[in-house]
Amino acid sequence: MSVLPYAVAAWLFGVGLYGIATSRNFIHLVGCLGVCQSATYVLLLGLGYRWGSIAPIFYDHPPGTPAVDPVMQALVLTDIVVGATLTALLLVLTVQAYKRGGSLDPEKLRPMRAGGKSGQRQDAGHTSGRVSEGGRKAS
Amino acid sequence: MTLAPAVLLPLPVAIPLVFCAALLATAHLLPGRAPDVLALLAALAVAVLSAVIAVHAADKPLVYWFGGWEPHDGVHLGIGFSVDAASGWIAAFIGLLYALTFVFAWGFFDRTHGHFHILMLLFLAAMVGFCFTRDMFNLFVWFEVMSVAAFALTAYHLAESSLSGAINFTVVNSLAGFLMLGGIGLIYAQTGTLDFDSIAAAVARGGRDPVVAGAFCLVAAALMIKGAIVPFQFWLADAHAVAPSPVSVIFSGSMVSLGLFGLAKVSAVVFGGSDQVQGALPMLLIGLGSVTALLGGWMALLQRHLKRMLAFSTISHAGIMLTGLGALSIGGTGGMLVYVVGHGLVKGALFMIAGILLATQASIDEIALRGLGRGIWPAGIAMALAALLLCGLPVGALDQGTRLVQGALSAQGHGVALAATAIGAALTGAAVLRAAGRIFLGLGPDPGDEAGAPSEDEREKANRPLWLMLAPCCVLLAVDMALPAGPIAHALPRAVSAFMHRPEGGPLAEGPGWLPWASVAAALAGAGYGLFRNRLPAFVVQPVRATQSVPTRALEILHSGLIGDYAAWLAVGVAVIAAVLALV
Amino acid sequence: MSPRIRVALLALSGLILLPCAAQVIAGLPAFGSTIAQYGERINAITPEARHVANMVSAINFDLRGLDTLGEEFMLLAAITGTVVLLRGRRGEGNSERAMRRPGRAVIPRSEATVLACRIAGPLTGLFGLYVVLHATVTPGGGFQGGVILASGTLLIYLGEGYAGWRDAIRSHWLDALEGGGALLFALCGLAPMLVGAAFMQNILPLGTFRDLFSGGLMPVENLGVALAVAGGFTQLFLEFMEETREAEEPDEPGEETA
Amino acid sequence: MTVILPLLFLLTAVSGTAVVLVRDPTRQIFAIAINGLVLTILFDALQAPDVALSELAVGSAAVPLLFLVALMAVRTQAPGEES
């Protein structure tokens with residue numbers, strides 16, 4: 001038990017990163033990013049917990065009762081705001097990118113590649129049967 | 001004087017915040033030019049206040065405790081700002097850069113009810129807060145505010161490429177934020193405090209501790225992602241190439257180097273007492289920095305999209321800054337700080353020129369623009385001058401920074417890194433010189449069938465007179481060349497010793513005087529080769545072309561623009577840092 | 001890079017990171033054994049020093065108020081960014097007209113839905129207000145309450161339909177609310193400096209412990225946050241909803257077809 | 001308490017993994033909302049009611065809603081385009 005929360009945090013980050021690396025849909029990818037972020041919540045609150053302590057609100061209990069770490073909770077609150085803002089921004093970007101590019105697949109929706117004199121070669125160099133730039137624009 | 005100068009410390013952060021909240025609240029009531037004027041005023045106020053703070057901090061860092069929570073018995077309850085001269089001057093430089101950017105962008109963003117200015121002012125406030133703070137979590141907050149403002153600004157054009165560039169940027173930098181927060185959690189759990197100095201004291205007491213090393217690994221990875229160090233550099237080219245030019249000025253001029261500035265502060269101050277971290281830093285920073293300098297320079301040479309070229313050049317220069325940091329000496333860090341300012345001024349000017357080309361010629365493609373710049377030749381002169389400064393022309397702040405970094409590297413016998421800094425600067429200089437020659441002089445072969453640019457049609461609004469766009473650009477270059485080398489060299493050792501919390505050393509060593517000239521010569525040769533390749537005899541061209549093709553192709557495949565690849569490289573980068581830390 | 005190489009790279013770095021992570025976890029204090037000295041100290045000092053019961057609110061609005069200021073402006077940045085990015089296409093001027101286009105299919109709502117929303121909406125609003133006001137004594141505060149208030153406005157959407165929602169909520173009011181709230185918070189920081197105190201120093205009378213308005217400056221800052229968050233999140237929902245409405249219209253032709 | 005907390009941590013790991021493994025965005029929204037709820041319960045068990053309340057408002061209501069709206073915007077935009 002004494003290491004479980006930290007292991008869960010590490011697992012969540014790893015699994016979220018795996019999701020981002022293999023995702024074929026930007027909306028799914030944003031969800032995976034949220035999983036990475038929940039790793040930080042779990043880590044921070046896990047580090048701030050103490051057995052047998054009350055919540056750091058001295059309303060029903062008199063001040064002086066052992067309570068868990070309020071600083072970690074304040075940090076996680078900020079973190080949750082960060083998470084909400086990032087999700088909103090990313091979803092907006094995704095929706096707009098879909099309107100422009102007609103796809104949610106990262107493989108099809110790539111930033112401009114003005115690869116210099118070898119711009120043409122670059123497209124040829126990519127294998128894995130990706131739709132070429134021209135073909136996608138036309139569709 | 002009744003007021004202590006420390007009272008000024010919250011103002012450079014609070015003023016842009018107040019301006020931006022007021023702008024948002026009253027945006028629909030304000031006349032058209034009001035956001036421009038207010039934003040410019042706020043940026044100037046930040047620059048002036050920061051400079052005043054920096055002057056007052058020359059003897060001893062100024063400290064300010066928010067909410068009046070001054071530490072009692074060595075326990076820090078509140079958040080503090082602590083400004084040494086170096087941090088103050090960096091903030092003043094950032095304020096100046098913003099002020100000139102607002103002039104450059106005058107009227108450019110008029111249809112948005114001041115939203116552009118709101119985001120930029122937030123960006124400014126976050127950067128100043130990032131420079132001033134002495135609290136680990138507050139550092140993270142400003143880091144995130146900076147990121148969020150930057151994400152929105154990147155996609156401003158709403159073109160397909162700028163949106164996917166912004167997504168890559170957002171995802172990678174969000175991951176950076178999570179890593180940083182994880183690191184902060186670890187160090188807080190281990191040391192029981194968030195204040196830089198108390199953490200440093202606890203770290204120094206603790207001896208070798210895997211938790212401290214782990215925390216450093218996460219925080220350093222986050223700051224290196226911001227600083228675009230290999231293998232975290234991929235997002236930068238995607239984002240900087242597609243952001244509106246005024247935003248790119250800020251990105252390349254200050255955001256990237258602030259990541260490294262933060263790394264310098266954190267590794268010198270917070271983790272200064274950990275032998276494990278200090279032992280791992282030289283190898284890590286100098287190794288990664290050298291690779292970054294070379295890779296960025298090489299990639300810059302391959303680009304024909306001007307802003308993408310400049311973005312890769314920023315990566316290369318970030319690598320050079322990192323090698324300076326890796327020397328872990330007063331000279332190396334001091335050189336890096338001067339380099340941050342010099343590079344920001346020159347690179348800002350170059351992005352402004354790219355913006356001028358986008359606005360007046362409606363293109364950003366080097367080949368398509370061939371010879372089209374003749375009508376705006378003053379911009380050409382500025383571009384050539386900036387390119388020469390970039391590769392090491394021995395005038396001004398950028399050169400002084402380069403010499404100090406190279407001096408620190410050669411004093412410690414890092415020959416390879418020394419060569420990497422010179423070659424990286426030469427490569428980026430060659431790329432920009434080649435583009436300047438082609439665009440403004442019409443040099444180089446006439447584009448054939450391959451002229452069709454793979455980039456999409458780009459342009460920026462041409463609603464400003466040329467002089468209005470060119471003036472801030474020239475001011476940036478003039479400031480870079482006019483910064484007095486003597487006083488800087490005189491004040492630097494003391495400022496850096498305060499910055500690093502280290503005793504002052506002797507005068508700072510400078511690198512060999514011929515090295516910048518060698519970079520300039522190499523850059524001229526490289527640009528000449530790029531432009532006059534067709535006229536050179538085949539026995540010169542063939543071997544060069546042969547050696548070029550394989551690494552070029554490999555690198556281009558690596559810079560795939562796929563977010564999945566970037567995530568994988570991010571994991572590799574963190575693993576590299578962790579491995580180096582574990583092996584020391 | 002093919003997906004397989006990518007996963008292999010990930011696995012390889014995972015393999016390197018695994019022992020490192022294990023070492024770090026082993027070095028951490030065992031879960032639940034102890035908390036950091038900083039938090040302990042705050043729990044010990046703050047109830048007396050600031051007369052508030054909720055330590056998390058005390059940290060957010062007093063001890064580490066600067067973090068919350070940054071956080072608030074981060075939210076403001078994100079929402080401004082969202083507005084810029086979503087409106088860029090629609091253009092700002094016609095956003096009022098865009099929703100009143102005739103002939104739009106009206107989703108029929110049952111009486112029960114309308115009634116339920118008319119009851120639940122005000123209740124949600126009340127709950128949000130409760131959470132906002134009780135920041136210093138019970139869990140919650142400006143941020144949580146603001147989000148709840150914003151979701152209350154969403155119930156107007158469910159109950160009254162799109163037109164009703166638009167009538168109730170104007171975009172620039174929301175801007176004013178959001179900017180005004182953030183401004184209030186920032187001024188709470190600057191005002192104490194006018195009387196020679198530190199930025200965000202708590203100079204108002206602190207009130208009595210466990211009282212609703214205890215904590216001096218905290219309720220004011222809390223109010224600023226609540227205004228900013230409620231305005232901001234409503235704006236966010238509004239802009240997102242706009243996106244689905246517009247999507248039913250045919251796309252402007254000939255913009256990106258080249 | 002000593003049994004509930006480990007169970008909740010494991011449940012968090014499982015629900016987080018589910019968010020990643022459910023590749024269809026429509027169904028993923030449910031996974032995200034459930035993950036938000038699980039986190040809310042975990043935070044409450046960890047004596048963090050403030051955080052739990054925010055997570056309830058943001059993680060299991062606002063964020064899934066944003067996902068839903070984004071998905072609607074994408075779906076109505078160009079049907080059949082997606083694979």
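Just so it is clear, the structure is predicted and the values come from calculations on it, not from any experiment.
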Given heavy-atom pairs under 4.5 angstrom as the criterion, report whether the side chain, backbone, both or neither of C:P139 touches chain A. both
Less than 4.5 Å to any heavy atom of chain C: does that hold for the side chain of A:L17, its backbone, both, or neither? both
Counting heavy-atom pairs closer than 4.5 Å to chain A, which one of C:G232, C:G32, C:P47 comes out on top? C:G32
Look at C:L18, C:V52, C:I25 and state which one has the largest set of heavy-atom pairs under 4.5 Å with chain A. C:I25
Interchain contact, C:Q144 with chain A, by part (heavy-atom threshold 4.5 Å): side chain
Of the backbone (N, CA, C, O) and the side chain (C-beta and beyond), which part of C:L28 lies under 4.5 Å from a heavy atom of chain A, both, or neither? side chain
Just by distance, do the side chain of C:R6 and the backbone of A:T22 share a donor-acceptor pair under 3.5 Å? no
Rounded to the nearest 0.5 Å, what separates atom CD1 in A:I57 from atom NE2 in C:H134? 12.5 Å
Is any residue of residues 60-72 of chain A within less than 4.5 Å of chain C by heavy atoms, and which ones? A:P63, A:A67, A:V68, A:D69, A:P70, A:V71
According to the side-chain hydrogen bond (donor to acceptor under 3.5 Å, both in side chains) rule, which pairs have a member within residues 19-39 of chain C, sequence neighbours left out? C:Y38-C:R64
For C:F233 and A:A84, the nearest pair of non-hydrogen atoms, with its separation, is CZ-CB, 4.2 Å
Taking it one step at a time, do C:I35 and A:L47 satisfy side chain to side chain contact (heavy atoms under 4.5 Å, CB included)? CA-CA 7 Å; C:I35 65 169; A:L47 286 169; over 6 Å; no
What part of C:V137 lies closer than 4.5 angstrom to a heavy atom of chain A: side chain, backbone, both or neither? both
To the nearest 0.5 Å, how far apart are CG in C:D67 and CG in A:L75? 7.5 Å
Closest approach of C:A53 to A:Y59 (non-hydrogen atoms, all atoms of both residues): CB-N, 4.1 Å
With a 4.5 angstrom heavy-atom cut-off, which part of C:I59 approaches chain A: side chain, backbone, both or neither? side chain
What one should report as the nearest heavy-atom pair of C:E71 and A:V81 is OE2-CG2, 3.1 Å
Nearest heavy-atom neighbours spanning C:N60 and A:A74: OD1-CB, 3.7 Å
A:W51 vs C:F31 aromatic rings, parallel, tilted or perpendicular, using cut-offs 30° and 60°? perpendicular
A:Y18 atom OH, over 12 foreign heavy atoms within 6.0 Å: no
Please state whether the side chain, the backbone, both or neither of A:A9 comes within less than 4.5 Å of a heavy atom of chain C. neither
Go through the atoms of C:A21 and report whether side chain, backbone, both or neither lie under 4.5 Å from a heavy atom of chain A. neither
Name the option with the most non-hydrogen atom pairs under 4.5 Å to chain A; the candidates are C:N43, C:N54, C:V56. C:N43
